[in-house]
There are 2 protein chains.
Amino acid sequence: MKTERISEFTTQRLSVYLRCLEALEEMGVERTSSKMLAERFNLNSAQIRKDLAYFGQFGVRGVGYIVKELKQQLSSILGLNAGHKVCVVGAGNLGAALTDYQGFLKSGFSLVAAFDSSPGKIGGRSRSGVVIYDIKDLREVVRREGIAMGIIAVPAEAAQQVCNQLLDAGIRAILNFAPVRLNGRPNTAIKSIDLSISLEGLSFFLSKQSPDSQNLEQEQKSDIPSSPTETR
Amino acid sequence: MKTERISEFTTQRLSVYLRCLEALEEMGVERTSSKMLAERFNLNSAQIRKDLAYFGQFGVRGVGYIVKELKQQLSSILGLNAGHKVCVVGAGNLGAALTDYQGFLKSGFSLVAAFDSSPGKIGGRSRSGVVIYDIKDLREVVRREGIAMGIIAVPAEAAQQVCNQLLDAGIRAILNFAPVRLNGRPNTAIKSIDLSISLEGLSFFLSKQSPDSQNLEQEQKSDIPSSPTETR
DNA sequence: TTCTGTGAATACCTTCACAGCG
DNA sequence: CGCTGTGAAGGTATTCACAGAA
């Protein structure tokens, strides 16, 4: 195991590998190789080996990787065994959808609480039954439930304040959907997903191809590389 | 203007600059500088100048940039003036939330249609009044309405098929929320936002800091860099 | 002088290519 | 052999540092 800093590109891919391994396991496949994994997504096999090598030697030379073993290793590296508890702040359209998003379950997360400031929502429940608490009780509920991660789904204007409240409550990992750059603190991770910016990237792609209003030169690339998400 | 390929990191940042310029304009600020912008997010000012320089010379030496002018330039570069029409496929929790997401409006997009395959939903409307069509009518509605971009919010199993249908209907820019890697085609852009993978990245961060179950060494970094999103 | 625009330097990420082990 | 693990090479993105225009 290396002591190097792990790039987020790498961890992102680890998640992808893990998902693939789960699929392979369900299909009854017991062994795999970096080459096989590389073909599934179109990645370079050396990349996969290198990503894994940051964390140890999981493979068998001449053979490959044992699906079940590697799956467990990755799961543990990503901390999914911890079964982190997650809360959502903001019970609007997006917040409600995230609160009930079933995809989180597979990764071992459990969504245990939602928060809002609107009296009409406080005390209610999401469709899937998650209680919506008063944001004022954030600290208390976080402590009581042992919540480790928070998702921000409030309007941009309120996001920084909510972020501070989450941090004050002891949460050190935040996924932010509000379209603002949040200021974090040491020892915290804030990852932002900005829906408009994502769409704008696609819009740029379209403009490049058919320069309607503008005079941008033609291009016929199908492949744009990976893209970042604001983080602190 | 250069003929180089523009990195998606750059376009992502252009969106961020644009949003900042809008805020500045609302505040009545008329001029700004790469330094001022760089301080807002913590970026390097040279980066900003370089990003802008790919598209032309927008600044005035010794002075900076005219907010209004630059804003319009960026808007046009990103193709936001085109007012692209967008549809959402999948009227579940997430799809419904995206259909009604008001944040898209600011960027000049208009969400004109939703699609689903469930008889219970077809013919209905989202909360904000967007009609939910039968996915079978995708091609026709896309043509009639002049839809340029599609958002996929269906379960993983259905995503590739929906993707193909969108492409067949002539849509060349897709934002995908299903947790699968989609196969695209030449001259198309597919950008994926994977909610679970994003959370897993945060989970990894937490494990690094407090190695509960695992033996990962301690670390006290507050800053993780930017992160990618699967694209094709 | 100030602040842009940009070549050069650095840092980071990916791919190549091969040694080494089962 | 075959496939991993990894140093070295190649690319790409970011930052530095400064020439040059207003």
Side-chain angles (χ1 to χ4, degrees), chain A residues 1-14 16-17 21 29-39 41-67 69-70 73-74 201 221 223-231, chain B residues 1-14 16-17 21 29-67 69-70 73-74 221 223-231:
Chain A
M1 157 138 42
K2 310 296 175 52
T3 58
E4 290 175 64
R5 281 202 14 67
I6 308 300
S7 130
E8 202 176 338
F9 290 97
T10 294
T11 64
Q12 206 94 205
R13 283 189 299 264
L14 291 184
V16 174
Y17 305 154
L21 289 167
V29 179
E30 291 186 350
R31 288 191 329 202
T32 186
S33 66
S34 60
K35 190 158 167 265
M36 189 198 280
L37 290 169
E39 277 162 8
F41 332 97
N42 41 350
L43 274 178
N44 181 296
S45 68
Q47 172 119 80
I48 295 177
R49 294 198 295 277
K50 207 149 236 185
D51 284 341
L52 298 175
Y54 285 124
F55 301 95
Q57 320 231 124
F58 303 128
V60 184
R61 293 186 188 212
V63 177
Y65 302 91
I66 310 299
V67 171
E69 242 169 55
L70 186 56
Q73 292 280 5
L74 290 184
K221 273 300 289 163
D223 239 328
I224 29 180
S226 301
S227 77
T229 301
E230 180 229 323
T231 321
Chain B
M1 158 136 46
K2 309 294 176 50
T3 59
E4 290 174 62
R5 287 213 353 77
I6 308 299
S7 132
E8 202 178 339
F9 290 97
T10 295
T11 64
Q12 206 92 207
R13 283 189 299 262
L14 291 184
V16 173
Y17 305 154
L21 290 167
V29 179
E30 291 186 350
R31 288 190 331 201
T32 185
S33 67
S34 60
K35 189 159 168 266
M36 189 199 280
L37 290 169
E39 277 162 8
R40 294 231 157 196
F41 332 97
N42 43 349
L43 274 178
N44 181 297
S45 68
Q47 172 119 81
I48 294 176
R49 295 197 295 277
K50 207 149 236 183
D51 284 341
L52 298 175
Y54 285 125
F55 301 95
Q57 320 232 125
F58 303 127
V60 184
R61 294 187 187 209
V63 176
Y65 303 91
I66 310 299
V67 170
E69 242 170 54
L70 186 56
Q73 292 280 5
L74 289 184
K221 274 300 288 164
D223 240 325
I224 29 179
S226 300
S227 77
T229 301
E230 180 227 323
T231 321

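These values consider heavy atoms only, across backbone and side chains, with no hydrogens, waters or symmetry-generated copies. Convention: sequence-line order gives letters A, B, ...; per-chain numbering from 1.
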Query - Distance in angstrom units between A:L37 CG and D:dG5 C1', rounded - result: 15 Å
**Report entry** Atom-pair distance (CZ on B:R31; C1' on D:dA22), nearest Å
**Finding:** 11 Å
Report summary line: B:A46 has its side chain closest, among D:dC16, C:dC16, C:dT4, to D:dC16
Query raised in the report: Of all the nucleotides listed (D:dT15, C:dT6, D:dG5), which has the minimum atom distance to the side chain of B:R49?
Result: C:dT6
Requested in this report: Pick base, sugar-phosphate or nothing for B:S34, based on heavy-atom distances below 4.0 Å to the nucleic acid.
Outcome: sugar-phosphate
Query raised in the report: Residues in side-chain hydrogen bond (donor to acceptor under 3.5 Å, both in side chains) with A:T10, at least two apart?
Result: A:D51
Query raised in the report: Of the options B:N44, B:L52, B:L43, B:I48, which is the one that meets B:S34 in a side chain to side chain contact (heavy atoms under 4.5 Å, CB included)?
Result: B:I48
Query raised in the report: Going from CZ on B:R49 to NZ on B:K35, what distance comes out if it is rounded to the nearest 0.5 angstrom?
Result: 11.0 Å
Query raised in the report: How many Å lie between CD on A:Q47 and C1' on C:dC13, as a whole number?
Result: 7 Å
Report task. Not counting sequence neighbours, which residues clear side-chain hydrogen bond (donor to acceptor under 3.5 Å, both in side chains) with A:T11? List them please. Result -> none
Query - Spatial distance of atom OH (B:Y54) from atom CD1 (B:I6) [nearest 0.5 Å] - result: 6.5 Å
Report task. With a 4.0 Å heavy-atom cut-off, tell me which residues in residues 58-66 of chain A come close to DNA chain D, sorted by residue number. Result -> A:F58, A:G59, A:V60, A:R61, A:G62, A:V63, A:G64, A:Y65
Query raised in the report: Do A:K50 and D:dG7 have a side chain to base donor-acceptor pair shorter than 3.5 Å?
Result: yes
Report task. Using whole Å, report how far CG of B:L43 lies from C1' of D:dC16. Result -> 16 Å
Report task. Check the angle between the aromatic planes of B:F9 and A:F9 and answer parallel, tilted or perpendicular using the 30° and 60° thresholds. Result -> perpendicular
Query raised in the report: Which nucleotide in the list D:dG5, C:dT14, C:dC3 gets nearest to the side chain of A:R13?
Result: C:dT14
**Report entry** Side-chain N or O of A:Q57 closer than 4.0 Å to phosphate OP1/OP2 of C:dC21
**Finding:** no
Requested in this report: Please state how far atom CE in B:M36 lies from atom P in C:dT4, giving the value in whole angstrom units.
Outcome: 10 Å
Query raised in the report: What's the CD1-C1' distance between B:I48 and D:dT14, to the nearest Å?
Result: 12 Å
Query raised in the report: Between atom CD of B:E30 and atom CD of B:E69, what is the distance when rounded to the nearest 0.5 Å?
Result: 11.5 Å
Report task. Whole angstrom is fine here: how far is it from CD in B:E8 over to C1' in C:dC13? Result -> 16 Å
Report summary line: The nucleotide from C:dT15, D:dC16, C:dC13 with an atom nearest the side chain of B:N44 is D:dC16
Report task. Give the rounded distance in Å between these two atoms: NZ of B:K35 and C1' of D:dC18. Result -> 17 Å
